[in-house]
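Report on the structure given below.
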Amino acid sequence: MTSVGALEVGVVGCGVAGQAAATLLADAGHRVTVFERFTEPKPSGAGLLLQPTGLAVLRRLGLDEQAEWQGARIDGLLSLNHLKHTVLDLAYGDLHPEAYGLGIHRGTLFGLLHGRLRQSTARVITGAEIVDIVRDGGRATAVEKAGGRHGPFDLVVVADGAHSRLRDRLMPQARAPLYPWGCIWATVADSRDFITAPAMLQQRVRGTTTMMGLLPVGQNQVTLFWSLPVEELEAGRSIDVEAWRMAALDLWPEAAAMIEQAADADNFARATYRHVALPRWNDGPILFIGDAAHGTSPQLGQGANLGLLDAHALSRALAASDDLAAALASFARRRGPPVRFYRQASHLLTPFFQSRQPLLGLVRDALMGVTCRAPGLRPMMTSTLAGLRRGWLSADALDAEGRYPLGS
Ligand SMILES: Cc1cc2nc3c(=O)[nH]c(=O)nc-3n(C[C@H](O)[C@H](O)[C@H](O)COP(=O)(O)OP(=O)(O)OC[C@H]3O[C@@H](n4cnc5c(N)ncnc54)[C@H](O)[C@@H]3O)c2cc1C
C-alpha cells in the first residue's frame with residue numbers, strides 16, 4: 001500500500017473532530033498545525049453519549065480505558081411519555097451481549113483528546129480565529145482575524161463546528177438552517193435512582209413541546225437536558241427557572257432530586273443545532289469534517305461519534321493512497337453514506353420530539369413503542385442508536401467481542 005507521504009496539514013478547530021484528526025494525522029507522520037479561536041481551548045456543550053463507533057476511535061487513540069473509567073456505561077435508551085407509556089426502549093445488548101454506549105462529560109472527553117493531542121507532534125496555536133482560507137494553486141493558506149497568515153498547507157481540515165463561519169465563506173452553496181428548537185442543559189450529582197443497572201439514557205416527553213433527558217456521565221454525575229424553542233434561548237433572554245422547575249417536576253416527579261439541584265444552581269447552558277448539508281466534502285485542499293460538514297439535531301446522539309469516525313477515515317484514506325485528491329475522494333465515498341443516513345434520520349425524527357405539531361406526538365406515542373418491539377424493526381432501530389447504519393438498508397456489524405471494527 002502506498003501513501004501520500006508527509007503532508008503539511010492545517011486543522012481549524014480544537015473540538016472533538018479537529019483534535020482527533022490532528023492527533024491521528026500527526027501520529028501518521030504528517031506535519032500538523034491546529035488553530036483554535038479560544039486562548040484556552042475548552043469544551044462547549046452538554047454531556048454526551050459515545051456509541052461503539054466513537055469508542056472504537058478512542059481505542060485507536062489509546063484513550064478508551066481512561067474514558068470508560070471516567071464515564072458511565074450505558075446499556076440503552078428508555079423514553080417514556082408523561083403517562084409512562086413506552087416511546088423508545090432500546091438495548092445495546094440486542095446487538096451483542098458485550099455492547100454498550102458510554103455517557104461522558106464533555107469536559108472529560110475534551111481533556112482526554114487534548115492531552116493526547118499535546119503528546120503528539122502537532123503544533124497547537126490558540127487565540128487564532130481563522131476567518132478565511134485562501135487557495136494558492138493546489139495549496140491553501142489560513143488567514144487569521146488578527147491578520148496573520150499560516151501556511152501554505154497541502155491540506156486544511158475545517159472542523160470549526162455546526163455554526164462554522166468558514167463554511168459560509170468557503171462553501172456558499174451549503175445549507176445550514178437552525179433547528180426551531182434547542183435545549184438547556186446542566187450537569188448535576190446523580191441520585192441513586194438513575195445509576196441502577198441497567199444504566200440508561202432516559203427521556204420523558206409530553207407531546208412535542210416538552211422533553212427532558214437524563215444521561216449518566218460518570219463520576220456520579222448526570223447531564224439533564226430540557227427542550228426549548230430557539231426564541232427562548234436567545235442570548236440576553238433569561239430563563240424562568242421557577243417555571244421550569246414546576247414544569248419539570250410535573251413531567252418527571254421521580255427525577256425531583258436532580259431537578260431541584262439544577263434549579264438551585266441555576267447555571268443552565270444553552271444549545272442550538274443546525275441541519276447542515278454540504279454539496280461536497282472538500283474544495284480542492286480544503287476539507288470539512290465534523291459538525292461543520294454534517295451537523296444535525298442531537299436526537300440520535302451521533303454528532304461526536306460521526307466526527308471521530310471522520311477523523312479516523314481521513315487518516316486511513318491518506319495512508320492508503322499516493323494522491324491527495326484520490327485520498328479525499330476515497331474519504332468522501334466512505335463517509336458519505338452513513339453521514340447522509342444520520343442527517344436524514346435525525347431530521348425526520350426531530351419534529352416527533354421537538355416541534356409545534358401535536359399530531360406527531362400522538363403518532364409517536366401510538367407507534368414508536370410498538371415499532372421498538374417489532375422483530376423486523378427493532379434491530380434497525382438499535383443499530384441506528386449504536387451508530388452502525390451505513391444507510392437505510394445496510395448496517396455494519398459489531399465484531400466477536402461486541403466492538404465496532406474500525407478496519408486498519
Ligand atoms: C445538547 C447537545 C447534546 C449532544 N449530545 C450528543 C451525544 O449524546 N452524542 C454525540 O455523539 N453527539 C452529541 N452532540 C453533538 C456533538 O456535541 C457535536 O457533534 C460535536 O461536538 C461536534 O464536534 P466538532 O469537533 O465538529 O465541533 P465543535 O465541538 O463545535 O468544535 C469546534 C471547535 O472549533 C473552534 N472554532 C470555531 N470557529 C473557529 C475559527 N474560525 N477559528 C478557529 N477555531 C474555531 C471552536 O472554538 C471549537 O473548539 C450533542 C450536541 C448538543 C448541542
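Counting starts at 1 for both ligands and their atoms, in listed order.
- Proximity to Leu49 (heavy-atom distance under 4.0 Å) selects the following atoms of ligand 1: 7 (C), 8 (O), 9 (N), 10 (C), 11 (O).
- When only interatomic distances are considered, the shortest N/O to N/O separation between Ala17 and ligand 1 falls below 3.5 Å.
- Ala162 does not count as a contact of ligand 1, since none of its heavy atoms falls under 4.0 Å from the ligand.
- A salt bridge is absent between Glu8 and Arg123: the closest approach of a Lys/Arg side-chain nitrogen to an acidic carboxylate oxygen does not fall below 4.0 angstrom.
- For the 3.5 Å distance criterion, the side chains of Thr141 and Arg149 fail to qualify, holding no donor opposite an acceptor.
- Using a 4.0 Å cut-off between heavy atoms, Phe38 contacts ligand 1 through its side chain alone, with no backbone atom that close.
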(request) Please step through ring pair (Phe, Tyr, Trp, His ring centres under 6.0 Å) for the pair Trp244 and Phe268, ending with a clear verdict. (result) CA-CA 11 Å; Trp244 171 76; Phe268 288 101; 5.0 Å; yes
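- For Val12, every heavy-atom contact with ligand 1 shorter than 4.0 Å involves the side chain, none the backbone.
- When Gly101, Gly295, Ala304, Ala269 are ranked by how near their heavy atoms come to atom 16 (C) of ligand 1, first place goes to Ala304.
- Ligand 1 places these atoms under 4.0 Å from at least one heavy atom of Gly161: 27 (O), 30 (O), 32 (C).
- A donor and an acceptor atom, one from each side chain of His105 and Gln219, are nowhere located under 3.5 Å apart.
- Residue Gly15 approaches ligand 1 through these ligand atoms, each under 4.0 Å from one of its heavy atoms: 25 (O), 29 (O), 31 (O), 33 (C), 49 (O).
- Polar contact check, Cys183 against ligand 1: no nitrogen or oxygen pair lies under 3.5 Å apart.
- Remark: among candidates Ala159, Gly103, Ala21, Ala271, the nearest residue to atom 53 (C) of ligand 1 is Ala271, based on non-hydrogen atoms.
- Of the candidates Leu48, Asp160, Ile125, Asp132, it is Leu48 that places a heavy atom closest to atom 7 (C) of ligand 1.
- Annotation: Arg37 places an N or O atom under 3.5 Å from an N or O atom of ligand 1; distance criterion only.
- In terms of N/O distances under 3.5 Å, ligand 1 is approached by Glu36.
- Ligand 1 has no N or O atom lying under 3.5 Å from any N or O atom of Leu166, backbone or side chain.
- Atom numbering of ligand 1 starts at 1 in the shown order; those under 4.0 Å from a heavy atom of Ala128 are 42 (N), 43 (C).
- Distances between N or O atoms of Val16 and those of ligand 1 include at least one value under 3.5 Å.
- In terms of polar-atom proximity, Arg106 is counted as a contact of ligand 1, with an N or O under 3.5 Å from an N or O of the ligand.
- Between Pro298 and ligand 1, not a single N/O pair is under 3.5 Å apart.
- Side-chain atoms of Arg175 and His275 form no donor-acceptor pair, as typed in the model, at a separation below 3.5 Å.
- Crowding of Arg165 atom CZ: a count of heavy atoms from other residues, nucleotides or ligands under 6.0 Å not exceeding 12.
- With respect to Tyr404, the side-chain hydrogen bond (donor to acceptor under 3.5 Å, both in side chains) criterion is satisfied by exactly one of Asn305, Thr53, Asp396, Asp399: Asp396.
- Considering backbone and side-chain atoms together, Asn305 places an N or O closer than 3.5 Å to an N or O of ligand 1.
- For the pair Asp240 and Arg245, the salt-bridge criterion is not met [side-chain N within less than 4.0 Å of a carboxylate O].
- For an aromatic pair to be called close, the ring centres must be under 6.0 Å apart, and His294 with Phe288 fails this.
- Two rings, from His150 and Phe35, have their centers less than 6.0 Å apart.
- Salt bridge present: Asp283 and Arg135 bring a charged side-chain N and a carboxylate O closer than 4.0 Å.
- Here the two rings, on Phe331 and Trp281, have centers that are under 6.0 Å apart.
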